[in-house]
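Notes follow the structure.
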Amino acid sequence: MLRLTFLGTSSSRPTVRRGVSSLAVQREGDLHLFDCGEGTQRQMMRFGVGFNVVSVFLTHLHADHYLGLPGLLRTMSLQGREEELAIHCPAGREADVRAAVLIGGDRLTFPLRFEGLEPGQAAAFGGYQIRAFATEHTAASVGYALTEPNRLGRFDVERARAAGVPEGPLFGRLHRGEDVELPDGRMMRALELVGPARPGRTLVYSGDTRPCKATREAADGADLLVHEATFTREEIDRARETRHSTAGEAGRVAADAGVRRLVLTHFSARYSELPRLMVAEAKKEFSRVTAAEDGTEIEVPLREKEA
Ligand SMILES: [Zn+2]
Ligand SMILES: [Zn+2]
């Protein structure tokens with residue numbers, strides 16, 4: 001299972017309809033937060049995302065991306081959490097993050113680990129990793145790519161049985177690509193029973209950024225790209241000045257990277273009620289696009305074979 005829940009989709013400040021940046025990513029039993037703007041913990045309750053967060057990934061230290069942490073940490077503490085919580089951020093900003101989230105001398109019931117990530121560095125989890133990549137914003141910033149390794153190819157059980165392979169450990173060895181000797185002395189080649197490796201999934205979160213090469217590279221062939229779209233093209237000058245993207249630019253990045261699906265987020269308050277404007281603009285560049293609302297849930301399905 002790989003599921004996203006958009007907790008906040010507004011840029012800079014909340015609106016009646018949208019909270020500021022935060023995205024919950026659940027992969028099997030692991031829950032991660034990508035950014036944690038003000039009010040995130042209430043959105044987690046509202047949209048049924050538990051508080052059992054393994055780690056937080058901050059794209060940069062603008063207030064709309066991390067101010068939700070002090071309150072969230074305090075709630076976790078009131079609940080008696082004991083497990084360590086890892087907070088990732090752009091390398092070099094660890095001390096700033098620590099100072100920003102531990103306000104008022106709060107004593108927490110659980111340890112915090114602050115870990116800066118240089119572009120290219122990754123945090124490893126069981127069966128996948130989350131890697132930072134360089135983005136272009138007004139603060140030290142990164143985006144994050146969650147990637148899974150390729151999965152083993154499909155094992156043809158019927159064919160293995162018909163070929164006289166006894167069920168048991170030989171099945172596993174063949175599936176992992178090993179040629180094996182059968183009890184009757186015949187050699188069995190894995191290639192005859194196992195299909196091509198199946199691709200793992202890739203999910204890319206841009207954070208705040210101008211459209212940039214590193215995002216295109218990180219999102220190359222990705223299953224899902226979540227890209228900021230703060231403005232429409234009428235405000236391209238403002239987008240350039242504040243180092244944000246327009247919806248059309250986000251669409252262009254998705255098209256260049258050849259992703260399967262694009263979801264826009266981080267809308268300027270003036271477009272809060274008008275996400276269709278953003279979608280219409282991005283669609284001119286890339287058709288498989290939608291705009292996130294607070295509470296939007298997206299499942300990223302496994303792929304059977306290379307498309
Ligand atoms: Zn922002
Ligand atoms: Zn920002």
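Whatever order the structure lists ligands and atoms in, that order sets their numbers, starting from 1.
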Exercise. Quick one: salt bridge (Lys or Arg N to Asp or Glu O under 4.0 Å) partners of R161, sequence neighbours excluded?
Worked result: E158, E167

Exercise. Are any of the side-chain nitrogens in R27 or D30 under 4.0 Å away from the carboxylate oxygens of its partner?
Worked result: no

For this session: Report the residues that fulfil salt bridge (Lys or Arg N to Asp or Glu O under 4.0 Å) with E136, sequence neighbours left out, ordered by chain and then residue number.
Result: R243

For this session: Could you list the residues that satisfy ring pair (Phe, Tyr, Trp, His ring centres under 6.0 Å) with F286, not counting sequence neighbours?
Result: none

Exercise. Which atoms of the protein, restricted to N, O or S, are nearer than 2.8 Å to the Zn ion (ligand 1)?
Worked result: D64 OD2, H65 NE2, D208 OD2, H266 NE2

Exercise. Less than 4.0 Å between a side-chain N and a carboxylate O, is that true for D256 and R252?
Worked result: yes

Exercise. At their closest point, which heavy atom of F47 faces which heavy atom of E297, and how far apart are they?
Worked result: O-OE2, 4.4 Å

